[in-house]
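First up is the structure itself, then whatever we jot down about it.
Computed from a predicted model, the values in this text were never measured in an experiment. The analysis underlying the following values was restricted to heavy atoms, covering all of them including side chains, and did not include hydrogens, waters or symmetry mates.
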Amino acid sequence: MEPEISNQSLFFLIIFVIVPLALSYYYQLGVSKNVIWSTVRGTVQLFAIGYILTFLFDLPARYGIPFMLTVMIIIATFHARQKGKDLPYVGFILFGGTFGH
């Protein structure tokens, strides 16, 4: 599947970079380097997640759905564990509790 990015789409996206750069220059905010770095980083992240999602959605449903659910549960467990890091075995309880219903 070929990505379809038109010149018009790129033009509209460039506006979201040029406006903050122009404002930073005009008001002498000194954040031009951060804006450029954030733009590059965001572009790389969007391309990476696009390829990952394309790969996952191209998998057969019997493999892709359990794989995506498992990854989502692991990530949710990791983030929830950070909230209760003082509780013993909280990660195992959270992960196991997802399958208990």
Side-chain angles (χ1 to χ4, degrees):
M1 175 154 69
E2 294 287 324
E4 298 180 16
I5 300 175
S6 67
N7 290 336
Q8 184 181 10
S9 299
L10 287 176
F11 174 73
F12 286 127
L13 290 174
I14 287 291
I15 289 175
F16 290 107
V17 176
I18 291 175
V19 169
L21 284 174
L23 290 173
S24 173
Y25 178 75
Y26 181 76
Y27 290 111
Q28 299 176 353
L29 300 175
V31 294
S32 299
K33 185 176 176 182
N34 291 338
V35 170
I36 292 171
W37 174 246
S38 298
T39 302
V40 171
R41 189 184 66 211
T43 303
V44 170
Q45 288 174 346
L46 286 174
F47 273 109
I49 198 68
Y51 282 116
I52 290 169
L53 287 175
T54 301
F55 170 75
L56 289 176
F57 288 130
D58 285 344
L59 289 175
R62 65 180 181 184
Y63 300 120
I65 292 173
F67 177 72
M68 285 189 275
L69 285 174
T70 304
V71 169
M72 289 185 337
I73 289 169
I74 289 171
I75 291 172
T77 300
F78 175 77
H79 286 293
R81 187 184 70 187
Q82 299 298 327
K83 299 281 185 184
K85 59 185 170 187
D86 297 331
L87 300 171
Y89 308 110
V90 70
F92 294 112
I93 294 169
L94 288 169
F95 186 75
T98 335
F99 300 106
H101 293 278

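Around CD of Gln28, the count of heavy atoms belonging to other residues, nucleotides or ligands within 6.0 Å does not exceed 12.
By the criterion of side-chain heavy atoms lying less than 4.5 angstrom apart, applied directly or through intervening Ile, Leu, Val, Met, Phe, Trp or Tyr residues, Ile15 is grouped together with Val31 in one hydrophobic cluster. Note on Leu29: it clusters hydrophobically with Tyr26, by side-chain heavy-atom contacts below 4.5 Å among ILVMFWY residues. Phe55 and Phe57 end up in the same hydrophobic cluster when Ile, Leu, Val, Met, Phe, Trp and Tyr side chains are linked at under 4.5 Å. Cluster annotation: Val71 is connected to Leu59 through the hydrophobic network of ILVMFWY side chains, with a link wherever side-chain heavy atoms come within less than 4.5 Å. Taking hydrophobic clusters as Ile, Leu, Val, Met, Phe, Trp and Tyr residues chained together by side-chain heavy-atom distances below 4.5 Å, Leu69 does not share a cluster with Ile74.
Here the CD1-CD1 distance, from Ile49 to Ile52, works out to 5.0 Å after rounding to the nearest 0.5 Å. In this structure, Leu53 CG and Asp58 CG are separated by 10.5 Å, a value rounded to the nearest 0.5 Å.
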Would you mind writing out the side-chain donor-acceptor pairs for residues 35-46 within the sub-3.5 Å range, not counting sequence neighbours?
| residue | atom | partner | partner atom | Å |
| --- | --- | --- | --- | --- |
| Ser38 | OG | Asn34 | O | 2.8 |
| Thr39 | OG1 | Val35 | O | 2.7 |
| Thr43 | OG1 | Thr39 | O | 2.7 |

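Here the closest non-hydrogen pair linking Ser32 and Ser24 is OG-OG, 3.2 Å.
No option in Val19, Ile18, Val17, Leu23 other than Val17 meets the side chain to side chain contact (heavy atoms under 4.5 Å, CB included) test with Leu21.
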